[in-house]
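Here is the structure we will look at.
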Amino acid sequence: MDVSRVLDPLNDAQRQAVCAPAGHIQVLAGAGSGKTRVLVHRIAWLLQAEGVSPYGILAVTFTNKAAGEMRSRIEELLGIPASGLWVGTFHGIAHRLLRAHWKEANLPQGFQILDSEDQLRSVRRVIREMGLDENHYPPKETQWYINGRKDEGQRPDHIDCNNDPHLRQKIEIYRAYEAMCQRNGVVDFAELLLRAHELWLNYPQMLQHYQQRFHHILVDEFQDTNTIQYAWLRMLAGDKGCMFAVGDDDQSIYGWRGARVENIHQFSKDYANTSIFRLEQNYRSTGNILKAANSLIENNTERMGKNLWTEDGEGEKIRVYGAYNDLDEANYIAEQILSWIEDAGLRSECALLYRSNAQSRVLEEALIKNSIPYRVYGGLRFFERQEIKDALAYLRLMNNDQDDAALERIINTPTRGIGNRTVEAVREMSRSGGMSMWQALWRLQEEKTLPARALGALSNFIDIIEELKVSTQELGLGETIEHVIHHSRLRSHYEKEKGEKGRARIENLEELVNAGRSYSVEDFDDELPEMDELSAFLSHASLEAGDNQADEWDDCVQLMTLHTAKGLEFKQVFLCGVEEDLFPHRLSADDPVRLEEERRLCYVGMTRAMQRLTLCYAEKRRLYGDDKYTRPSRFIKELPAELIEEVRMQGYVAPAMSASRGSGYKSNIKEENETGLNLGQRVMHQKFGEGIVMNYEGQGRHARVQVNFEGVGSKWLVMEYANLMLC
DNA sequence: ATATAGAATCTTTTT
DNA sequence: GATTCTATAT
């Protein structure tokens, strides 16, 4: 078999990893070192050189996008469809297993998936039903807690409350929520993974079957795996399976949602015979960008250690722009992009990356002012839109009348005279009678204890749903959706909404009909056992919330958070708002572990750049309402001065604030301001006593300082009269 | 059932 | 400061 197509495009390190003999293999793949390429070629190698059957291979990723890309690149390399091969996300594969073994997993055949929003509503409902105070048990936090436990593989019974009454109550909420999901026949995202794990735990012979089948397990972005995912992988690999894990500890930026970089270290402990390969040759960025990124990340302890290098030249220096304020920062970036375009560059080659979404606004305004087309990534995705979720809720309820979350969503949408009081009565009946809300509706009809008007409205709702069920029985998916949107009166409801928003909603609903028309179960899964079209479509909607990405054919500047940028590359990158408290974010700055994650985030951002990298900071920024004085991020100070070129806007006079100009780069970073006071400095005032300097504006004698006094609160004082003393 | 006012919140996000 | 949710009044 000629494997030159598989091996020729690889460098030595890549080839060694790809051709490594069967066993446990870990590939530490630096940014831009050909991580996906190694995975794809490894699979091709197994198939073509090792004679492994496609049925024996499982490749796991985190996002649908990554899974799709991997599959298409394999097919491109092999020149044939990669059928039989399992490539999917952790959640997608867990879902597939649960569908195939729904009985053993103790789920109804038509179980559905709760997305985070549905989950939050359900948790809130449980808390209310338990008669607990939502201020004492905030639903968001409780949801977070439940997911955290599930990610660690813990059921309520596994958790020790340590005699902490608050914790004990949280565990009870978890238990009640779980019971409710079970009654309703729904599972949340974390539950998919946990159940899939428990499924194998409870059915060893089933596990054995999968162990024999999937002898080769490949994992992408291994540093992002959480406890349950790693436990699941280890279980599947068993004694005989071979795991091929690719990851980069320096790009671990999802610790805050349960990812455990430690799994990388744990891997080589769990499998003593692990072969480790390092990919350090970078094919993306210039030498200077890599050198700067390397020196930044060296400030982290807890590293596997890695040094990126390139065969290409040094390239330009890293630009650092110290702006006067956030507007100035945005204008500077806009001007730079204009000149990039003038030099025949494309807008789509430029990316503006920021730590938090709130920063995009000022940037957008500057781009609009300069007539530069742009696209903001992130935000609501198709299947998460209100009108889409409304329509899907009708379908969900028609599909499974146990689904209380769906019923609650649409019982009065569009409004049909079922007010809060009536809904409360339905909830009460469902709770006391131990039945679903749908059953409660029928029971209330029989009992006739409610006022006639409420009963009428409820019976009207029942009729609508029953009518929809009957009249769509013979219809295809697209026609069913169309029928539902029309006869539920969702369409006319949204048509009444005025302006651009209403029109967009109608368009989305029409798009949903199209999505239904073009959807086919085969699309979704060729190996999935008997599942009706509607259930499959609904699962698809939850598992793949759709695109929120820019149209690639449009030539526009790309705006996104640093997290979103992972895995992407751009010729020119601007990191915006590289300031203390913003990046590293103030909520992470105090904890050394989280600070290191912020630094890795900066590393990820820098290594997105191919040719030109500009870091921007502002000295003054409007944040949460008022103007805050800011200081350049410590990350800037961690870059070697010789790699940096400080840039200033042409003809721009630096404000007195940053007058101190020394020889080295570092000395140019403002530590002190015109008032002679540092932010955070303790001061004493004759009348108000001791306080801390929070903010300042203006210069010289007219400067004003904001001081937060103990007991008295925060005051603005004019320096000239305040007579503040340091203490 | 809707409108309006007041309060709370303001990192990062995929499935 | 801006947005988004919640409570209250009409």
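Labels below follow one simple rule: chain letters A, B, ... track the order of the sequence lines, proteins then strands, and each chain is numbered from 1.
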Under 3.5 Å, side-chain donor or acceptor atoms of residues 576-584 of chain A against the rest of the protein: list the pairs with distances, not counting sequence neighbours.
from, atom 1, to, atom 2, distance (Å)
A:Glu579, OE1, A:Arg621, NE, 2.9
A:Glu579, OE2, A:Ala618, N, 2.7
A:Glu579, OE2, A:Arg621, NE, 3.3
A:Glu579, OE2, A:Arg621, NH2, 2.6
A:Glu580, OE1, A:Arg634, NE, 3.4
A:Glu580, OE1, A:Arg634, NH2, 2.7
A:Glu580, OE2, A:Arg634, N, 2.7
A:Glu580, OE2, A:Arg634, NE, 3.0

Whole-Å gap separating C1' (B:dT13) and CG (A:Asp188):
16 Å

With a 6.0 Å cut-off on ring centres, are A:Phe111 and A:Trp102 close enough?
no

Polar-atom pairs under 3.5 Å, protein N or O versus N or O of nucleotides 7-12 of chain B: list them with distances, or write none.
from, atom 1, to, atom 2, distance (Å)
B:dT11, OP2, A:Tyr624, OH, 3.1
B:dT11, O4', A:His585, NE2, 3.2
B:dT11, O2, A:Arg355, NH1, 2.6
B:dT11, O2, A:Arg355, NH2, 2.2
B:dT11, O4, A:Arg594, NH2, 2.2
B:dT12, OP1, A:Asn357, N, 2.7
B:dT12, OP1, A:Asn357, ND2, 2.9
B:dT12, O4', A:Arg355, NH2, 3.1
B:dT12, O2, A:Trp256, NE1, 3.4
B:dT12, O2, A:Arg355, NH2, 2.5

From the options C:dA2, B:dT14, B:dT15, select the nucleotide whose nearest atom is closest to the side chain of A:Arg257.
B:dT14

Can you find a side chain N or O atom of A:Asn64 that sits less than 4.0 Å from OP1 or OP2 on B:dT15?
yes

Go nucleotide by nucleotide along DNA chain B from the 5' end; which of A:Gly419 and A:His91 gets its closest nucleotide reached first?
A:Gly419

note: A:Ile228, atom CD1; B:dT14, atom C1'; distance rounded to Å ~ 17 Å

Aromatic contact between A:His563 and A:Tyr254, with the criterion being ring centroids under 6.0 Å apart: yes or no?
yes

Name all residues meeting the side chain to side chain contact (heavy atoms under 4.5 Å, CB included) criterion together with A:Ala457; count only those two or more places apart in sequence or in a different chain, and write none if there are none.
A:Ile418

Can you tell me, in whole Å, how much space there is between the P of B:dT12 and that of C:dC5?
15 Å

For DNA chain B, determine which residues of residues 111-125 of chain A have any heavy atom closer than 4.0 angstrom to one of its atoms, and list them numerically.
A:Ser116

Rounded to whole angstrom units, what separation is found between the CD atom of A:Gln386 and the C1' atom of C:dT4?
13 Å

B:dT13 to C:dA2 separation - C1' atoms, rounded to the nearest Å:
22 Å

Counterpart residues, salt bridge (charged side-chain N to carboxylate O under 4.0 Å, His left out), relative to A:Glu596 (two or more places apart)
none

A:Ser360: what forms a side chain to side chain contact (heavy atoms under 4.5 Å, CB included) with it, not counting sequence neighbours?
A:Tyr354, A:Glu364, A:Leu559

Hits for side chain to side chain contact (heavy atoms under 4.5 Å, CB included) against A:Leu587, two or more places apart or cross-chain, chain-then-number order -> A:His585

Output all residues satisfying side chain to side chain contact (heavy atoms under 4.5 Å, CB included) with A:Ile410, sequence neighbours left out; order by chain, then residue number.
A:Ala393, A:Tyr394, A:Leu397, A:Phe461, A:Ile465

For B:dT15 and A:Arg381 - does any side-chain N or O of the residue sit under 4.0 Å from the phosphate oxygens OP1/OP2?
yes

Return the value, rounded to whole Å, for the distance between atom CG of A:Asp224 and atom C1' of B:dT15.
13 Å

From CD of A:Glu221 across to P of B:dT15 the rounded distance in Å is 12 Å

In whole angstroms, the gap separating P of B:dT14 from CD1 of A:Ile93 amounts to 19 Å

Please, which pairs that meet salt bridge (Lys or Arg N to Asp or Glu O under 4.0 Å) have at least one residue in residues 416-426 of chain A, sequence neighbours excluded?
A:Glu424-A:Arg427

From the set B:dT2, B:dT15, C:dG1, return the single nucleotide nearest to any side-chain atom of A:Arg622.
C:dG1

Distance check needed: C:dA2 P versus A:Glu365 CD, whole Å only.
10 Å

Once you round it to whole Å, what is the distance between P of B:dT15 and CG of A:Asp220?
13 Å

